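Dropping a structure here in structure tokens format, bear with me for questions.
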Amino acid sequence: MAALWKTCHQCLRYGLSHKSFYPSVSAINVISKRNFKPRWVAPTLREIKRRKDVEDDRNGGPKIFHRSTFLEWNYDAEIFAFSNRLGEKFNEATLRTALTHKSYVERETARLSDIGVDSYLQIQNNEELAVAGGALISKFTNGYLRAVFTRVPEELIMAMHDFLTSTSNLEIVGKHIGLGDLMLCSDFPCESETYVKSLKAVVAALAESSGEERARIFVQDLVVTQLYGLDINELWNPADPVGNLTDILKREGKAEPEFRLIKHSGQNSVLAVYYVGVYSDKNFIAEGAGESLEIAKEMAAREALKQLFHTEDSMKALPFGRQLKNIQSKIVQLENQPNLPLSKWISEKVTSAVH
């Protein structure tokens, strides 16, 4: 109010009429009326949100609708967009088969039978493509891992392979490329196995349409990249790291590992930590830390195995994309050629196998 009187006083002082000021006051009144909301609006909105939250909790989350329920749904356009989004060329009929689950065919057959229509449908499901695609994913994954991790024993290769081809990992890949909106199945939201089966079928469909080379690159770009940023040593837990290290050093003609306490802190507290170094022929190999001497000894043996296998924390980043162009032939060659098992691992044999 004080500002209003001040403005009026200034208008009179400089010879301005009140008419030039009144329109601004009326405009302020109109704006204030527009922004005014009755007192019942906020409590009503809060109650609506509370009821929606209660309903979502009962149903296990907000209800999700399949894109086929939308008015603008066009399956032909969705199939075309899917191929272009991935940057791959599919045979349209093969891709449709890869996205058709057996449950969808069974449901449609039963529905037509109930209304008295001939229940025979000339629709193929993705069962055969899923089996073929699963074999291709496994083969392509093994080839990449063996070509990149040349010094790693086959046990660790299998551990990484099992992680990449697991149901949870393939389900993530299937969801991220939008299979949930394209799969024809009886269950929605789709189950994990449905995602996995459809993704495997898509890989097989790509191999039939564009060749195995394109399918191999597809698996490398979408499936194997899930390994990026992970500590691969956490995927494999050897039962006896100290015994394995002892056996490897013995096969290489070196002395048995000798473990020595380097330093310790907080020995009589709950925050105790011990640092143990492992030596062979008086040469330092690695060190490990733990809350007890036994744990520190085991961690030192694990660090020594990491250095032998070249999987230490300072290892190079995994190659992807264009970096794989020069080793694709090597990947193909190693798809059916396993690495040395841990029981036969010797650095000399590994070096000769790599070169």
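Just so we're clear, the structure is a prediction, and the values are computed from it rather than from any experiment.
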Quiz item: With side chains defined as the heavy atoms from C-beta onward, is the minimum distance between Lys89 and Ser83 less than 4.5 Å?
Solution: no
Exercise. Search all heavy atoms of Asn142 against all heavy atoms of Ile157 and return the closest pair with its distance.
Key: OD1-CG2, 4.2 Å
Quiz item: Distance-only, no hydrogens or angles: does the Gln226 side chain make a donor-acceptor pair with backbone N or O of Leu222 under 3.5 Å?
Solution: yes
Quiz item: Is Tyr75 reachable from Ile177 through a run of I, L, V, M, F, W or Y residues, each pair having side-chain heavy atoms under 4.5 Å apart?
Solution: yes
Practice problem: Flag yes if more than 12 heavy atoms outside Glu312 fall under 6.0 Å of its CD atom; otherwise flag no. | Solution: yes
Quiz prompt | Under 3.5 Å side-chain donor-acceptor pair for Glu171 and Ser192 | solution = yes
Quiz item: Are any of the side-chain heavy atoms of Phe163 and Thr141 separated by less than 4.5 Å?
Solution: no
Quiz prompt | Sequence-distant partners of Leu249, side chain to side chain contact (heavy atoms under 4.5 Å, CB included), two or more places apart | solution = Leu245, Lys254, Pro257, Ser280, Ile285
Quiz prompt | Pairwise side-chain contact, Trp345 with Asp247, heavy-atom cut-off 4.5 Å (strictly under) | solution = no
Quiz item: With a cut-off of under 6.0 Å to the ring centre and 45° to the axis, is Lys175 in cation-pi contact with Tyr195?
Solution: yes
Quiz prompt | Cluster overlap Ile172 with Leu227, hydrophobic side-chain contacts below 4.5 Å | solution = no
Quiz prompt | Heavy-atom check, side chain of Arg111 versus side chain of Arg107, under 4.5 Å | solution = no
Quiz item: Considering all heavy atoms of both residues, which atom of His310 and which atom of Arg151 are nearest to each other, and what is their separation?
Solution: ND1-CD, 3.1 Å
Quiz item: What heavy-atom pair brings Phe259 and Lys297 nearest, and what distance separates the two atoms?
Solution: CD1-CE, 3.4 Å
Self-check item: Glu128, CD atom: more than 12 neighbouring heavy atoms under 6.0 Å
Solution: no
Practice problem: Give me the one residue out of Lys49, Arg50, Arg51 that meets side chain to side chain donor-acceptor pair (under 3.5 Å) with Asp53. | Solution: Lys49
Quiz item: Can you find a heavy atom in the side chain of Glu193 that is under 4.5 Å from one in the side chain of Thr167?
Solution: yes
Exercise. Would you name the heavy atoms of Thr165 and His161 that are closest together and state the gap between them?
Key: OG1-O, 2.7 Å
Quiz prompt | Closest heavy-atom pair and its distance - Leu235, Ala159 | solution = O-CB, 3.5 Å
Exercise. Look at the aromatic rings of Trp236 and Phe309 and report parallel, tilted or perpendicular, splitting at 30° and 60°.
Key: tilted
Quiz item: How far apart are the closest heavy atoms of Glu298 and Pro241, and which atoms are they?
Solution: CG-CG, 3.4 Å
Quiz item: Heavy-atom distance under 4.5 Å between the side chains of Arg146 and Glu154, does that happen here?
Solution: yes
Quiz item: Any side-chain heavy atom of Leu129 within less than 4.5 Å of one from Glu208?
Solution: yes
Practice problem: Kindly check if the number of other-residue, nucleotide or ligand heavy atoms within 6.0 Å of CZ (Phe80) is above 12? | Solution: no
Practice problem: Verify whether one side chain among Gln220 and Gln328 offers a donor that lies under 3.5 Å from an acceptor in the other. | Solution: yes
